[in-house]
Amino acid sequence: MKDTLRPAGIVGLGSQLPGEVVTNADLTKVLDTTEEWILTRTGISERRKASKEEAASDLGTQAALKALEDAGLKGDDVDLVIVATITPDMAFPSTACLIQHKIGASHAAAFDLSAACSGFIYGLAVGSQFVANGTYDTVLVVATEVLSKILDPEDRTTSILFGDGAGAAVIRPVDQGEGFLAFDLGSKGEGGDLLKLPAGGSRKPTSLETIKEKEHFIKMSGNEVFKFAVKIMGDAAVKALEKAGLNKQDIDYLIPHQANIRIIESAVKRLKLSPEKVYINLDKYGNMSGASIPVALDEAARKNHIKKGDRVVLVGFGAGLTWGSCVINWSI
Ligand code: UT7
């Protein structure tokens with residue numbers, strides 16, 4: 001470890017989306033819903049669905065390879081792989097170990113992290129500490145979700161909302177004053193029942209009974225999560241800004257968790273941001289949990305919405321309940 005902390009920042013980004021597109025019209029054929037309800041209540045037009053054979057590590061590996069290429073690095077340069085996911089290939093080994101092997105990160109440490117939709121920001125917070133204190137030079141943070149595999153196809157409140165995808169970021173030392181300026185992470189475990197996968201863990205191992213009760217699928221109290229989200233998105237963004245010695249006016253670009261257009265609009269209103277400073281892609285991909293933010297960040301960067309020196313705010317919330325935000329002085 002170094003005596004003094006060094007600045008850490010994102011130096012490469014990548015994302016991967018599965019090929020199958022599921023439109024709102026497709027969903028009206030199997031669910032009691034309408035295209036208009038889905039679009040007006042969520043802002044989503046379509047989402048992506050992984051194939052039967054595709055798992056979280058497959059999407060995550062592709063996103064990771066693209067992020068490494070973007071950074072001009074190879075798998076062997078990576079010191080640590082952190083994977084944020086709630087849909088791991090299996091309980092163990094970790095999806096991080098599977099990706100570490102597939103990308104040829106032969107000397108890297110690897111572990112998974114579980115913070116649901118806030119997972120990517122938690123991953124950045126953890127990964128950047130290793131770079132800042134000199135333990136590692138190159139940390140790869142991947143958020144990958146195949147939520148379609150844990151959705152109840154008959155549940156119209158969740159099936160319409162979630163999609164599959166993966167995003168990745170490479171963290172390395174950057175110049176003084178650049179990179180991550182502040183993080184705000186939080187949790188509220190008493191809200192855990194609002195969004196959960198009840199069976200398949202040590203509390204309730206999978207059995208014929210749990211399958212009959214559909215407890216291997218996501219259960220969500222959408223409206224309660226919605227109320228929590230509306231409050232926490234603005235609060236968390238402001239807290240990270242305060243920790244960085246900044247305020248709302250200093251935001252050059254906002255990447256919010258892509259959960260529901262009404263949640264994003266309320267956060268944008270609270271932060272008094274003009275729409276061109278906010279990246280929204282949930283119309284195309286739905287809510288990809290932890291993968292939403294890195295996929296949006298990758299797209300925004302590729303479209304040159306973000307430039308060197310911009311103060312970029314990432315903010316998300318999710319099951320746990322958890323939330324996370326960070327302020328970045330963009331360095332690439
Ligand atoms: O990433 C973090 C994870 N989760 C979230 O961010 C979820 C946040 N919550 C939401 O996005 C919204 O709560 C939903 C989109 C899930 C639901 O929207 P809502 O406006 O909160 O609807 P609601 O649950 O209050 O339900 C209103 C009505 C109900 O009918 P009644 O009881 O008023 O007759 C629902 O049964 O809408 C009905 N409904 C639907 N109708 C047509 C619920 N889902 C649908 C549907 N199509 N797909």
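When a ligand or atom number is given, it counts from 1 through the structure's own listing order.
In this structure, L113 and V126 approach most closely via the heavy-atom pair CD1-CG2, 4.0 Å.
The closest side-chain donor-acceptor pair between T87 and K149, if any, does not fall under 3.5 angstrom.
For the ligand labelled ligand 1, residue I38 lies outside the 4.0 Å heavy-atom shell.
Residue-to-ligand polar distances place G222 within reach of ligand 1: an N/O pair is separated by less than 3.5 Å. For T42, no nitrogen or oxygen atom sits less than 3.5 Å from a nitrogen or oxygen atom of ligand 1, counting backbone and side chain alike. Taking only nitrogen or oxygen atoms, main chain and side chain alike, T33 reaches within less than 3.5 Å of ligand 1.
In this structure, atom 19 (P) of ligand 1 lies nearest to the protein heavy atom R262 NH2, 3.8 Å. Looking only at protein heavy atoms, the nearest one to atom 10 (C) of ligand 1 is N260 ND2, 3.6 Å.
By the rule that hydrophobic residues join a cluster once side-chain heavy atoms approach within less than 4.5 Å of another member, L181 and W330 end up as members of separate clusters.
Under the 3.5 Å distance criterion, the side-chain polar atoms of K243 are matched with a main-chain donor or acceptor of F183. Between the Q249 side chain and the K272 main chain, no donor and acceptor come within less than 3.5 Å of each other.
Of all the heavy atoms of T158, none lies under 4.0 Å from any atom of ligand 1, so neither backbone nor side chain is involved.
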